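Below: the structure, in structure tokens.
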Amino acid sequence: MGKSVIQAADSAGLYVVPVSFDAEKKSGQTVEACGKKILVHGPSDRESILASVFQEYPNLIVVDYTVPATINDNAELYGKVGVPFVMGTTGGDRDQLYKTVEESKVYAVISPQMGKQVVAFLAAMEIMAEQFPGAFSGYSLQVMESHQAGKLDTSGTAKAIISCFQKLGVSFDMDQIQMLRDPKQQIEMVGVPEEHLSGHAFHLYHLTSPDQTVSFEFQHNVCGRSIYAEGTVDAILFLAKKVKSKADKRIYNMIDVLREGNMR
């Protein structure tokens, strides 16, 4: 995702600060992207490095695509330094995440789903759930989500869509989600192209009426990461405007980005 965001940001004309953070074992390494050498720093000196970079680039916005175990510590770091950030990482303690950001008063776009079109679909589901509660009462639901093997947690998008179905009257527990992470199953069961095994998101939601005579299917398949990278750039541009205007609201999501029409 880091490389994909760099490519999308570079294409949009944004300046990419050549600094990144990773595990200690990768400290000192460089990663090439869009003709730039990105220097990787470990966690031990990240606060001093980030503060120094923020001082040099006062319009800096950090992009966070990490792992669930690190997001709460990362949010504390951004709050302590005072740097605005866009976070597309899922998982972690979400309640604590928002509490940390609210207390620090930094600007942030936090969204488990950065793909604008998928977010629009989710927004439509939320509207349906709000306006027609119970419309699918009694229906059974099957959910399958397939992601690259490196994605450790259950899809945040799947959880959000399931919560909409629950409001629509469907009884479903989150632990019933079928998570596919095995490449062989992904190719054979859902038809993920082999070249996209390392980066994809295939979701299927199947509803069946109590008497088995009616069924509905909602599906979205994403190959690659460009949809998320492009959405991330839109979130960066959106947040930059909020910071510049000193907006009262500090925490946003991708639906806020869509509603404002801040899309390239």
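All values reported here derive from a predicted model rather than from experimental measurement. Atom set for the values below is all heavy atoms of this structure, side chains included, hydrogens, waters and symmetry mates excluded.
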With sequence neighbours excluded, give me every salt bridge (Lys or Arg N to Asp or Glu O under 4.0 Å) pair touching residues 150-173.
-> Lys151-Asp153
Atom pair OG/NE2 of Ser198 and His147 - distance to nearest 0.5 Å = 13.5 Å
Is Met114 close to Val86 at the side-chain level, that is, under 4.5 Å between some pair of heavy atoms?
-> yes
Is the backbone of Thr66 close enough, under 3.5 Å, to the side chain of Thr89 for a donor and an acceptor to pair up by distance?
-> yes
Consider only side-chain heavy atoms of I, L, V, M, F, W and Y, link residues closer than 4.5 Å, and tell whether Leu39 and Val5 are in one cluster.
-> no
Mind listing the closest non-hydrogen atom pair of Ala9 and Val233 along with its distance?
-> N-CG2, 3.5 Å
Stepwise side-chain contact (heavy atoms from CB on, under 4.5 Å) test for Val40 and Thr30 | CA-CA 6 Å; Val40 180; Thr30 57; over 6 Å; no
Under the side-chain contact (heavy atoms from CB on, under 4.5 Å) criterion, do Phe202 and Gln186 qualify, and how do the steps go?
-> CA-CA 9 Å; Phe202 279 35; Gln186 291 171 335; over 6 Å; no
Do His200 and Ser146 have side-chain atoms, one donor and one acceptor, less than 3.5 Å apart?
-> yes
Interatomic distance, Tyr252 atom OH to Arg259 atom CZ [nearest 0.5 angstrom] | 13.0 Å
Supply the atom-to-atom distance Gln29 CD to His41 NE2, rounded to the nearest 0.5 angstrom.
-> 12.5 Å
Across all chains, not counting sequence neighbours, the side chain to side chain donor-acceptor pair (under 3.5 Å) partners of Ser245 are none
Least distance between heavy atoms, Ser163 atom then Ala160 atom = OG-O, 2.5 Å
For the residue pair Pro193 and Cys223, establish whether any side-chain heavy-atom pair is separated by less than 4.5 Å.
-> yes
Quick one: ring pair (Phe, Tyr, Trp, His ring centres under 6.0 Å) partners of His196, sequence neighbours excluded?
-> none
CD/Gln166 to OG/Ser171 distance, rounded to the nearest 0.5 angstrom?
-> 8.0 Å
Note: Glu230-Lys116 ion pair, threshold 4.0 Å (strictly below) = no
With side chains defined as the heavy atoms from C-beta onward, is the minimum distance between Gln178 and Gln142 less than 4.5 Å?
-> no
Distance-only donor-acceptor check, side chains Asn72 and Asp93, under 3.5 Å = no
Would you mind reporting whether Val222 and His203 have side-chain heavy atoms less than 4.5 Å apart?
-> no
Residues joined to Met125 in its hydrophobic cluster, side chain to side chain under 4.5 Å directly or through other members, sorted by chain and number, are Phe121, Leu122, Met128, Phe132, Phe136, Tyr139, Leu141, Val143, Ile161, Ile162, Phe165, Leu168, Val170, Phe172, Met174, Ile177, Met179, Tyr205, Leu207, Val214, Phe216, Phe218
Distance-minimising heavy-atom pair for Ala23 and Pro43 | C-CD, 3.9 Å
Smallest heavy-atom separation, Asp10 atom then Cys34 atom, equals CB-SG, 3.9 Å
Mind checking the CG-OG1 spacing from Leu237 to Thr232? Nearest 0.5 Å is all I need.
-> 11.0 Å
Check the surroundings of atom CD in Gln185: do more than 12 heavy atoms from other residues, nucleotides or ligands lie under 6.0 Å from it?
-> yes
Determine yes or no for a side-chain-to-main-chain donor-acceptor pair under 3.5 angstrom, with Gln148 supplying the side chain and Gly150 the backbone.
-> no
Is atom CD of Gln176 surrounded by more than 12 heavy atoms (other residues, nucleotides or ligands) closer than 6.0 Å?
-> yes
Passes side-chain contact (heavy atoms from CB on, under 4.5 Å), Asn253 versus Val119? Steps please.
-> CA-CA 10 Å; Asn253 57 33; Val119 171; over 6 Å; no
Residues passing the salt bridge (Lys or Arg N to Asp or Glu O under 4.0 Å) test with Lys249, sequence neighbours excluded, are Asp256
Treat each ILVMFWY residue as a node, draw an edge where side-chain heavy atoms are under 4.5 Å apart, and state whether Leu204 and Ile227 are in one component.
-> no
Counting only N and O atoms by type, is there a donor-acceptor contact under 3.5 Å from the side chain of Tyr107 to the main-chain atoms of Ile61?
-> no
Should side-chain heavy atoms under 4.5 Å link Ile, Leu, Val, Met, Phe, Trp and Tyr, which residues sit in the same cluster as Met87?
-> Tyr15, Val17, Val19, Phe21, Ile49, Leu50, Val53, Phe54, Tyr57, Leu60, Val62, Ile71, Leu77, Tyr78, Val81, Val83, Phe85, Leu97, Tyr98, Val101, Val106, Ile110, Ile251
Identify the heavy atoms of Gly138 and Pro210 that sit nearest to each other, and give their distance.
-> O-CG, 3.4 Å
Is it the case that Glu217 and His206 place a side-chain donor and acceptor less than 3.5 Å from each other?
-> yes
Distance, nearest 0.5 Å, that separates CD of Glu145 from OG of Ser155 | 5.0 Å
Using the rule that two of Ile, Leu, Val, Met, Phe, Trp, Tyr join whenever any of their side-chain heavy atoms come within less than 4.5 Å, decide whether Leu14 and Tyr228 are in one cluster.
-> yes
If you draw a 6.0 Å radius around CD in Gln55, do more than 12 non-hydrogen atoms from other residues or ligands fall strictly inside?
-> no
Under-4.0 Å salt bridge between Glu188 and Lys184 = yes
Kindly say whether Gly42 contributes a backbone atom to a donor-acceptor pair with the side chain of Glu24 at under 3.5 angstrom?
-> no
Any ion pair linking Glu32 and Lys36 (charged N to carboxylate O, less than 4.0 Å)?
-> no
Check for a donor-acceptor pair, side chain of Arg250 on one end and backbone N or O of Lys105 on the other, with a separation under 3.5 Å.
-> yes
Heavy-atom nearest pair, Ala229 first then Ser4, reads CB-O, 3.4 Å
Using the side-chain contact (heavy atoms from CB on, under 4.5 Å) rule, take Ile38 and Ile6 through it: C-alpha gap first, then chi angles, then the decisive distance, then the call.
-> CA-CA 10 Å; Ile38 314 296; Ile6 288 170; 4.1 Å; yes
The single option from Glu103, Gln96, Glu102 that satisfies side chain to side chain donor-acceptor pair (under 3.5 Å) with Thr100 is Gln96
